[in-house]
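This report refers to the structure that appears directly beneath it.
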Amino acid sequence: MKKTFAAFVAIATIAGSLAATPASAQRGVAAGVVGGLIGGAIIGGAIASSRPAYAAPAPVYVDDYPTCRLVRERFWDGYGYRHRRVEVCN
């Protein structure tokens with residue numbers, strides 16, 4: 001918040017100094033362009049530094065040993081042996 005306030009004070013100071021000087025055809029456009037560039041740089045710098053660019057995601061905990069797994073099981077179906085997958089939970 002302090003940086004944003006300082007940026008606004010700086011812009012107000014620059015704008016006040018430009019408005020207080022008498023405008024002439026020689027400096028009118030150049031002073032406006034320079035004032036706009038300086039003001040934009042100050043405001044852009046204050047906005048860019050006010051919030052983080054990257055926040056790390058929350059940690060994810062993975063259970064290394066799953067409680068259930070698929071097991072290949074051999075069974076007799078009346079005609080012969082066959083295989084099927086069965087879920088076994090500990």
Side-chain angles (χ1 to χ4, degrees):
M1 190 67 175
K2 290 181 183 179
K3 291 181 182 180
T4 306
F5 180 71
F8 286 127
V9 169
I11 292 171
T13 304
I14 292 171
S17 68
L18 290 177
T21 59
S24 66
Q26 298 168 354
R27 294 188 323 158
V29 175
V33 171
V34 171
L37 289 175
I38 292 173
I42 291 172
I43 291 175
I47 291 172
S49 66
S50 66
R51 52 188 120 140
Y54 174 76
V60 177
Y61 300 103
V62 178
D63 187 14
D64 290 336
Y65 302 102
T67 57
C68 297
R69 64 184 188 279
L70 289 175
V71 176
R72 191 172 171 197
E73 182 181 88
R74 194 174 122 176
F75 70 99
W76 179 262
D77 68 349
Y79 297 104
Y81 284 102
R82 296 182 61 188
H83 293 92
R84 66 179 168 199
R85 292 189 178 266
V86 179
E87 186 176 18
V88 177
C89 296
N90 295 338

Students should find that the hydrophobic cluster of Leu70, defined by side-chain heavy atoms under 4.5 Å apart, otherwise consists of none
How close do Tyr61 and Pro59 get, heavy atom to heavy atom, and via which atoms? OH-CG, 4.0 Å
Distance-only criterion, 3.5 Å: show the donor-acceptor pairs between side-chain atoms of residues 79-88 and protein atoms not counting sequence neighbours.
{"from": "Arg84", "atom 1": "NE", "to": "Glu73", "atom 2": "OE1", "distance (Å)": "3.2"}
{"from": "Arg84", "atom 1": "NH2", "to": "Glu73", "atom 2": "OE1", "distance (Å)": "3.1"}

